[in-house]
Amino acid sequence: MSNTSTNPTPTDGTTPAPRIDQPVEPSAAAQGTEQHGARAHSDGGWDAKVPVQTRSERPQSGELDAFPPVTGREVNWKFAPLAKLQPLLDGGLDGSAYPFLARQTEGADVEWGRSDDPAVGSAGLPEDRAAAAAWTARDAVLKVTVKATEAHESISITRSDFGTQPRAAHTVITAEQHAQGIVVIDNRGSALLSENVEIVVRDGARLTVVSLQDWDDDAVHVSTQFAEVGRDAFLKHVVVSLGGDVVRVNPSTHLGAQGADTEMYGVYFADAGQYIEQQVYVNHDAPNTRGRVNYKGALQGEGAHTVWIGDVLIGRAGDGTDSYEQNRNLVLTDGTRADSIPNLEIETGNIEGAGHASATGRFDDEQLFYLQARGIPEEEARRLVVLGFLVEVIQKIGAPELEERLIAAVEQELADGRTAVAAAEPEAEQADA
């Protein structure tokens with residue numbers, strides 16, 4: 001019996017298939033694509049595969065379907081706890097009007113508008129799926145108008161009745177030409193909320209917008225805030241995040257007219273298990289614009305996590321730009337994590353100046369030593385250092401009553417953190433024993 005392997009000759013006149021031990025000559029079409037059983041890499045289609053590298057090139061749309069499902073591998077989602085945010089990414093949010101309390105002056109208006117109000121979209125469009133979901137779901141728009149009067153107008157809007165079901169909100173804040181004022185959005189209570197906030201600062205106006213997140217411990221809040229600043233206009237934007245389980249506030253400012261000016265401040269305090277994120281963007285898109293970004297945060301407790309991503313783009317039309325951004329984080333206990341990523345893109349060399357900085361660290365021992373050497377107990381010295389670190393930003397708001405409330409809130413955060421750490425120490429010692 002022969003052990004030679006042969007292939008039977010086909011009876012239909014076709015070429016016999018090669019034996020398994022017979023080398024195969026590649027066809028002309030396959031030349032260069034297969035070799036020794038391995039297939040070559042594809043060299044085409046990279047225009048559709050290369051990720052967006054510049055912040056200004058991100059797609060913008062008010063349609064949810066324009067953004068694919070979030071996987072966590074995206075540059076703007078890679079830190080976020082997606083399991084907690086998922087209800088806000090799937091669509092189907094309740095975008096109806098909600099209760100609020102408003103304190104305002106005669107030169108300012110707060111009213112509900114229709115979902116198709118022409119003011120919608122005047123400051124920008126969504127750049128991610130969460131913002132698009134809220135944009136699509138809106139049934140009503142809260143319109144805030146600061147009028148041009150001789151007085152410095154003031155509006156405070158308190159929102160505390162969102163409940164625990166997935167909600168959407170849309171707010172448009174407009175400062176008329178040469179108007180001056182401050183708008184405070186004060187968030188409290190429980191919420192599962194995704195929202196868009198549009199800010200339009202017309203020519204010559206000076207506006208301060210404060211977004212205060214003083215949520216209950218179970219709140220999940222995603223806020224995308226767009227600003228358009230007019231010629232020789234000024235916007236001060238302040239983000240204060242203290243409460244909540246997951247808080248993600250992403251403000252962006254477009255300086256699209258000559259002489260536009262913005263100062264963007266942020267202060268945040270993350271406790272054990274709390275996640276706070278801010279992605280800040282300043283787009284210098286006109287001559288002689290100015291931008292200042294300064295965010296400061298403190299972290300204490302196991303699992304406290306903060307994320308700050310700062311993007312500054314100086315476009316080709318940004319001659320004479322003066323821009324600087326920085327982020328500082330103060331770590332108070334072990335087990336915390338602070339991610340800080342500053343980015344700066346410059347497309348013209350004719351600028352006044354541009355820079356960025358980031359730092360994360362513990363207490364300055366020299367500061368503590370200085371205070372203790374003057375008879376101040378260590379615990380009180382630490383409290384003073386933290387307050388001094390954060391109050392610098394809080395005092396930029398320009399509203400004394402609100403500043404006092406926030407300083408008291410920071411002190412309470414410190415006290416609660418010390419209590420939690422003290423309670424955890426005996427349990428750790430027992431575990432070690």
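Under the 4.0 Å criterion applied to side-chain N and carboxylate O atoms, Arg292 and Asp261 are not assigned as salt-bridge partners. Using a cut-off of 4.0 Å between Lys/Arg side-chain N and Asp/Glu carboxylate O, Arg202 and Glu228 are scored as not salt-bridged. Using a 4.0 Å cut-off between charged side-chain N and carboxylate O, Lys78 and Asp339 make no salt bridge.
With rounding to the nearest 0.5 angstrom, the CZ atom of Arg337 is 8.5 Å from the OH atom of Tyr275. Interatomic distance, Ser223 OG to Asn196 CG, rounded to the nearest 0.5 Å: 7.5 Å.
When only modelled atom types and interatomic distance are considered, Glu63 and Ser61 share no side-chain donor-acceptor pair under 3.5 Å. Looking only at atom types and distance, the side chain of Asn329 has a donor-acceptor partner in the side chain of Tyr268 under 3.5 Å away. No hydrogens or angles considered: nothing links the side chains of His356 and Asn327 as a donor-acceptor pair under 3.5 Å. His237 and Thr253 are not linked by any side-chain donor-acceptor pair at a separation below 3.5 angstrom, with hydrogens and angles left out of the test. Judged purely by distance below 3.5 Å, without hydrogens or angles, the side chains of Asn350 and Thr348 never pair a donor atom with an acceptor atom. Using modelled atom types, one finds a donor on one side chain and an acceptor on the other under 3.5 Å when comparing Thr105 with Glu153.
For residues 243-252, the side chain to side chain donor-acceptor pair (under 3.5 Å) pairs, not counting sequence neighbours, are Lys84-Asp245, Arg248-Glu277.
A distance-only check finds a donor-acceptor pair linking the side chain of Asp203 to the backbone of Arg231 [under 3.5 Å]. The backbone N or O of Ser211 sits less than 3.5 Å from a side-chain atom of Gln213, completing a donor-acceptor pair. Using a distance-only test at 3.5 Å, with no hydrogens or angles considered, a donor-acceptor pair links the side chain of Asp128 to the main chain of Ala130. Arg405 contributes no side-chain N or O that, together with a main-chain N or O of Glu401, makes up a donor-acceptor pair within less than 3.5 Å. Not one N or O on the side chain of Glu413 forms a donor-acceptor pair closer than 3.5 Å with the backbone of Phe269. Listed for the Thr306 side chain is no donor-acceptor partner under 3.5 Å among the backbone atoms of Ile276.
Around CG of Asp217, the count of heavy atoms belonging to other residues, nucleotides or ligands within 6.0 Å does not exceed 12. Around the CD atom of Glu106, the shell of radius 6.0 Å holds no more than 12 heavy atoms that belong to other residues, nucleotides or ligands. Around atom CZ of Arg362, more than 12 heavy atoms belonging to other residues, nucleotides or ligands sit under 6.0 Å away. Environment of CD in Glu380: crowded, with over 12 heavy atoms of neighbouring residues, nucleotides or ligands closer than 6.0 Å. Atom CD of Glu347 has more than 12 heavy atoms from other residues, nucleotides or ligands within 6.0 Å.
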Any chance you could lay out the side-chain contact (heavy atoms from CB on, under 4.5 Å) test for Glu325 and Tyr295, step after step, and finish with the verdict?
-> CA-CA 8 Å; Glu325 66 169 347; Tyr295 273 62; over 6 Å; no
Go through the steps to decide whether Leu406 and Val267 satisfy the test side-chain contact (heavy atoms from CB on, under 4.5 Å), and finish with yes or no.
-> CA-CA 10 Å; Leu406 295 178; Val267 59; 5.6 Å; no
Could you go through the salt bridge (Lys or Arg N to Asp or Glu O under 4.0 Å) check for Arg159 and Glu195 one step at a time?
-> CA-CA 13 Å; Arg159 310 186 301 179; Glu195 68 169 336; 3.0 Å; yes
Please report the C-alpha distance between Glu379 and Arg383 in whole Å, then the side-chain angles of each, then the deciding distance to 0.1 Å, and finally whether the salt bridge (Lys or Arg N to Asp or Glu O under 4.0 Å) criterion is met.
-> CA-CA 6 Å; Glu379 185 172 315; Arg383 185 186 72 85; over 6 Å; no
With side-chain contact (heavy atoms from CB on, under 4.5 Å) as the test, would you mind laying out the steps for Thr224 and Trp135 before giving the verdict?
-> CA-CA 10 Å; Thr224 303; Trp135 192 283; over 6 Å; no
Worked verdict on Glu392 versus Lys296 for salt bridge (Lys or Arg N to Asp or Glu O under 4.0 Å) | CA-CA 9 Å; Glu392 177 195 359; Lys296 286 190 171 186; 2.3 Å; yes
CA sep, side-chain torsions, deciding dist, call: Leu85, Val70, side-chain contact (heavy atoms from CB on, under 4.5 Å) = CA-CA 10 Å; Leu85 294 173; Val70 178; over 6 Å; no
Evaluate the salt bridge (Lys or Arg N to Asp or Glu O under 4.0 Å) criterion for residues Asp94 and Arg167: first the C-alpha distance (whole Å), next the side-chain angles of each, then the deciding distance (0.1 Å), finally the verdict.
-> CA-CA 5 Å; Asp94 178 3; Arg167 293 293 305 262; 3.5 Å; yes
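Of the candidates Gln258, His254, His284, His284 is the only one forming a side chain to side chain donor-acceptor pair (under 3.5 Å) with Thr289. The only option from Ile314, Thr321, Val312, Leu313 that meets the side-chain contact (heavy atoms from CB on, under 4.5 Å) definition with Ile346 turns out to be Ile314. When the options Arg138, Lys143, Glu198 are evaluated for a side chain to side chain donor-acceptor pair (under 3.5 Å) with His170, the one that passes is Glu198.
Considering every non-hydrogen atom in both Leu89 and Leu64, the closest pair reads O-CD1, 4.2 Å. Pairing each heavy atom of Ala304 with each of Asp271, the nearest pair is CB-O, 3.1 Å.
Remark: Phe162 engages Tyr98 in a ring-ring contact (aromatic ring centres under 6.0 Å, His included) (not counting sequence neighbours).
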